[in-house]
Asker: 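A single structure is presented below for examination.
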Amino acid sequence: MTTSVEQLFDLKQSYEMVERLERVVPGGGIYFTRSPRFASYGEFPAFLRSADGSRITDVDGNSYIDFICAFGPIILGYNHPAVEAAANRQQAAGNALSFMPEVLVELAEKLAARWSPEETGAERFADWLIFAKNGSDVTTLATRVARLHTGRPVILAARDAYHGFDTWSVPGGAGIPEGHRSDIDFFEWNDVASLNEAFERNDGRVASAILCPIRHDSGHDIEMPSAEFVAAIHAALRSADALLIMDDIRAGFRLHPSGASHLALGFKPDLVCFGKALGNGHPISALTGRDELKETTSAVYFSGTHFCAATPMVAAVAVLDAYDDEQVFDRVTQAGERLRDGIAAAAHRFGVEISLSGPAAMPNMLFADDQGLKKMRRWAGHVARRGVILHPRHNWFLSSAHSDADIDEAVEVAERAFELVASGGE
Ligand code: PMP
């Protein structure tokens, strides 16, 4: 299906449903990033009905090429045939079971082997694994392991980094008591002096630093870690005898063919959190660590009704196979490069100044001089009404289902939107 850049999508049903939603579901922070209020209100679809390959379909029947990929999980495209066939088989055999599913051991062994020094050529980081559902489950677990292992309370994090909905950089922090936050402190990304100050302020009390492999905060250019910053983190942690928790939930499987982003960037983590792309849309997350931390981890209470659901684990096994067999890492990277180059050239043609940052597989775009991301939202709104989802406040994601034709169509739409923004048109 090709979209005419002049034909605007009708969103009547979506916004009628928003009115119904707001009567029965609290707004504000609840589901905020999924809301059109987080993107471009009135221009983005609010409710979706289905998804397939690179496309999502909304309740008005509009089909979009989607570069948000469910905020990261979709790396093989929606509805990947082999993954869904495996998941459907397990769903029919049983998903919620009274005891552990047999696939749990297979998945743990598969990941431990995948990330062994023999496979990666790098230091060990994944001798054991624990599975859960959401990223927040395992980032929270990781901090408990670090605190228990070191006997110290403080977790240091980069200011504004998101690691889940518990305690730290939760926007506003409503409902989180001050006392609950007092053992968290912040430093600035890529700022060695600020990092060292944070360690000094908390001298003798630091359990861990938690970090994403790259800085991908909303509304900022993506920043890669400098070599000095990586070295400073290692040095500070070593002298504090504290642990490095790597939060690879969003970037995982998009920065390194093994799936573990830190291998591309030189970090040497003690604990690594994965989620999102591991299940290609099936809810599964994982915490990994080395043997030295296994005993401590065994002592941490960690439980969830659905942590042992069988279907997402079966799906994850199939995701790993497809990821390797179908050269997904290379395809996703190439697709991202094509998108980035196309968008940069389109902006240039209309004299619009933008910055495109980040790895090709999860790029970010911002307009120059864009207070409150106003231009970005207007541009993304024009793009969405023409059938392409390029989020104004969140990095984009590529999947291996994005074909050259999808990308060329997206670039054509993006170009028309640059023209409209450049001319001040609505
Ligand atoms: N860490 C990072 C880097 C994330 O991007 C997210 C989710 N966007 C989380 C943790 C939390 O994951 P979840 O929403 O699955 O709890």
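Excluded from the calculations below are hydrogen atoms, water molecules and symmetry mates; all remaining heavy atoms, backbone and side chain alike, are included. As the structure lists them, so they are numbered: ligands from 1, and atoms in each ligand from 1.
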Asker: For Asp137, is at least one N or O under 3.5 Å away from an N or O on ligand 1?
Answerer: no
Asker: Any idea which protein heavy atom is nearest atom 16 (O) of ligand 1, and the distance to it?
Answerer: Ser136 OG, 2.6 Å
Asker: Can a side-chain donor-acceptor contact be found between Ser63 and Arg55 if the only test is distance below 3.5 angstrom?
Answerer: yes
Asker: So is Gly164 close enough to ligand 1, meaning a heavy atom under 4.0 angstrom away?
Answerer: yes
Asker: Atoms of ligand 1 less than 4.0 Å from Cys212 heavy atoms?
Answerer: 3 (C)
Asker: Does ligand 1 have a heavy atom under 4.0 Å from the side chain of Tyr162, from its backbone, from both, or from neither?
Answerer: both
Asker: In the protein, what heavy atom is nearest to atom 5 (O) of ligand 1, and what distance, to one decimal place, separates them?
Answerer: Arg250 NE, 2.9 Å
Asker: Looking only at distances, can you tell me whether any N or O atom of Asp247, backbone or side chain, sits closer than 3.5 Å to an N or O atom of ligand 1?
Answerer: yes
Asker: Yes or no: does Lys276 have any heavy atom under 4.0 Å from an atom of ligand 1?
Answerer: yes
Asker: If the threshold is 4.0 Å, N to carboxylate O, is there a salt bridge linking Arg114 and Glu109?
Answerer: no
Asker: Would you say the side chains of His80 and Glu326 form a donor-acceptor pair under 3.5 Å?
Answerer: yes
Asker: Answer yes if the ring centres of Phe302 and Phe307 are under 6.0 angstrom apart, and no otherwise.
Answerer: yes
Asker: Hey, is Asp58 close enough to Arg49 for a salt bridge, meaning N to O under 4.0 Å?
Answerer: no
Asker: Measuring from atom 15 (O) of ligand 1, which candidate in Gly135, Ala251, Pro213 has the nearest non-hydrogen atom?
Answerer: Gly135
Asker: Please name all residues satisfying salt bridge (charged side-chain N to carboxylate O under 4.0 Å, His left out) with Glu22, sequence neighbours left out, ordered by chain then number.
Answerer: Arg37
Asker: Do the charged groups of Asp127 and Lys294 touch, with an N to O distance under 4.0 Å?
Answerer: no
Asker: Closer than 4.0 angstrom: is that true for some heavy atom of Phe71 and an atom of ligand 1?
Answerer: no
Asker: His163 heavy atoms, cut-off 4.0 Å: which ligand 1 atoms fall inside?
Answerer: 1 (N), 10 (C)
Asker: For this output row, return yes or no: ring centroids of Phe71 and His394 closer than 6.0 angstrom.
Answerer: yes
